[in-house]
K.L.:
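Mind having a look at this structure? Questions to follow.
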Amino acid sequence: MKSKRLDRLFLNVLLGITIVLIPCVIFTSCVEENQLEELVQEANQEDTEQEIEEPVVTLPGLPEDVAGYEKWLKLNAEPIPPVPGGDPHNGTKNVYVNQKRETIAPDGEQQFPYPDGSIVVKEAYRTNQDYIWLIAIMRKVAGSDPDHNDWKFVEYTRNGPDAEFKLAFQDATCWGCHARVEDIDYVFTELD
């Protein structure tokens, strides 16, 4: 009789423990699963919030150091219209520099000269054309040309949207015109 009582008591205790443990195990696994789902959702959200950068591609025929210039600091707030009667960079223009605004205008006003290593890129679109036909580049290389504030000038042109840019002019061809703005470090377009 004692043996049956003990057996029944043992079974009741075992049943009680089982009744308590099963919900605990289920709850714990659910909590862990929910936490795992939350972590996955957070990771996915962070991935979508991060800006995915596209690879920078150089326009055909241009040097690699100007790849992605369109993402640089734009000096002009609005496109520069063509000059009546024409100009060497005929067309609508935008001008970019590989410097930060804080570097060239630390107090909100542009400072001259540009720092060594500066690259200025001017792009031009001809009237009634939807492709860049001209890229003019100025590179400031310390000690390269003290007579022209160490700027090296090159200009590339092309005849169609799928054509490769070809070298058109460099240095001496550009100096005469840019000498008119020597006081603002040979760069016509100031920071807007």
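Throughout, numbering of the chain's residues begins at 1 and tracks the sequence. Worth knowing before you read on, the calculation uses all heavy atoms, side chains too, and leaves out hydrogens, waters and symmetry mates.
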K.L.:
Assigning hydrophobic clusters by single linkage (Ile, Leu, Val, Met, Phe, Trp, Tyr; side-chain heavy-atom cutoff under 4.5 Å), is Val95 placed with Ile104?
P.N.:
yes
K.L.:
Please examine the side chains of Ile135 and Val66, heavy atoms only from C-beta on, and report whether any two atoms are closer than 4.5 Å.
P.N.:
no
K.L.:
Atom CZ in Phe188, atom SG in Cys177: separation rounded to 0.5 Å?
P.N.:
4.0 Å
K.L.:
If you look at every heavy atom in Ala163 and Pro60, which pair is closest and at what distance?
P.N.:
O-CG, 3.9 Å
K.L.:
Distance check, rounded to the nearest 0.5 Å: Lys122 atom NZ versus Asn94 atom CG?
P.N.:
10.5 Å
K.L.:
So Thr92 and Pro81, do their side chains get closer than 4.5 Å, heavy atoms only?
P.N.:
no
K.L.:
Can you list every ring pair (Phe, Tyr, Trp, His ring centres under 6.0 Å) pair that touches residues 62-101, not counting sequence neighbours?
P.N.:
Tyr69-Tyr96
K.L.:
Decide whether Ile137 and Ile132 are clustered together by the hydrophobic rule: side chain heavy atoms of Ile, Leu, Val, Met, Phe, Trp, Tyr closer than 4.5 Å, transitively.
P.N.:
yes
K.L.:
Could you go through residues 164-172 and list every donor-acceptor pair under 3.5 Å that involves a side-chain atom there, pairing it with any protein atom two or more places apart or in another chain?
P.N.:
from   : atom 1 : to     : atom 2 : distance (Å)
Asp171 : OD1    : Phe153 : N      : 2.9
Asp171 : OD2    : Lys152 : NZ     : 3.4

K.L.:
Let me confirm one number: the NZ-CD distance from Lys74 to Glu123, rounded to the nearest 0.5 Å.
P.N.:
7.5 Å
K.L.:
Can you run down the ring pair (Phe, Tyr, Trp, His ring centres under 6.0 Å) pairs that involve residues 106-140, sequence neighbours left out, and say none if there aren't any?
P.N.:
Tyr114-Trp151
K.L.:
Output all residues satisfying salt bridge (charged side-chain N to carboxylate O under 4.0 Å, His left out) with Asp116, sequence neighbours left out; order by chain, then residue number.
P.N.:
none
K.L.:
Flag yes if Leu134 and Ile80 sit in one hydrophobic cluster, no otherwise; membership is Ile, Leu, Val, Met, Phe, Trp, Tyr, and two members link when side-chain heavy atoms are under 4.5 Å apart.
P.N.:
no
K.L.:
To the nearest 0.5 Å, how far apart are CG in Asn149 and CD1 in Ile184?
P.N.:
12.0 Å
K.L.:
Which atoms form the tightest heavy-atom contact between Thr58 and Pro63, and what is the distance?
P.N.:
CG2-O, 3.5 Å
K.L.:
Is it possible for you to say whether Tyr186 and Leu191 belong to one hydrophobic cluster, with membership spreading through side-chain heavy-atom contacts below 4.5 Å?
P.N.:
yes
K.L.:
Can you tell me if Asp150 uses its side chain to pair, donor with acceptor, with the backbone of Gly143 under 3.5 Å?
P.N.:
yes
K.L.:
Hey, any chance Val97 and Val181 share a hydrophobic cluster, counting ILVMFWY side chains that come within less than 4.5 Å of each other, even indirectly?
P.N.:
yes
K.L.:
Step through the shown structure and confirm whether more than 12 heavy atoms of other residues, nucleotides or ligands are within 6.0 Å of CG on Asn159.
P.N.:
no
K.L.:
If I compare all heavy atoms of Gly61 with all of Tyr156, which pair ends up nearest, and what's the gap?
P.N.:
O-CE2, 3.9 Å
K.L.:
Taking all heavy atoms of Ala67 and all of Val56, pick out the closest pair and write down the distance.
P.N.:
C-CG1, 3.2 Å
K.L.:
Looking at residues at least two apart in the chain, or sitting in another chain, which of them share a salt bridge (charged side-chain N to carboxylate O under 4.0 Å, His left out) with Lys93?
P.N.:
Asp87
K.L.:
Using side-chain hydrogen bond (donor to acceptor under 3.5 Å, both in side chains) as the criterion, list what pairs up with Thr189, not counting sequence neighbours.
P.N.:
none
K.L.:
Can you tell me how far the CD atom of Gln110 sits from the CG atom of Asp185, to the nearest 0.5 Å?
P.N.:
9.0 Å
K.L.:
Does Asp130 CG have over 12 foreign heavy atoms under 6.0 Å away?
P.N.:
no
K.L.:
Test side-chain contact (heavy atoms from CB on, under 4.5 Å) on Arg139 and Val154; report intermediate values, then the result.
P.N.:
CA-CA 9 Å; Arg139 289 182 186 83; Val154 290; 3.7 Å; yes
K.L.:
Minimum heavy-atom separation for Glu155 and Pro88, please, with both atom names.
P.N.:
OE2-O, 4.2 Å
K.L.:
Treating Asn98 as the side-chain partner and Gly117 as the backbone partner, does any N or O pair qualify as donor plus acceptor under 3.5 Å?
P.N.:
yes
K.L.:
Looking at side-chain heavy atoms only, is the closest gap between His178 and His148 below 4.5 Å?
P.N.:
no
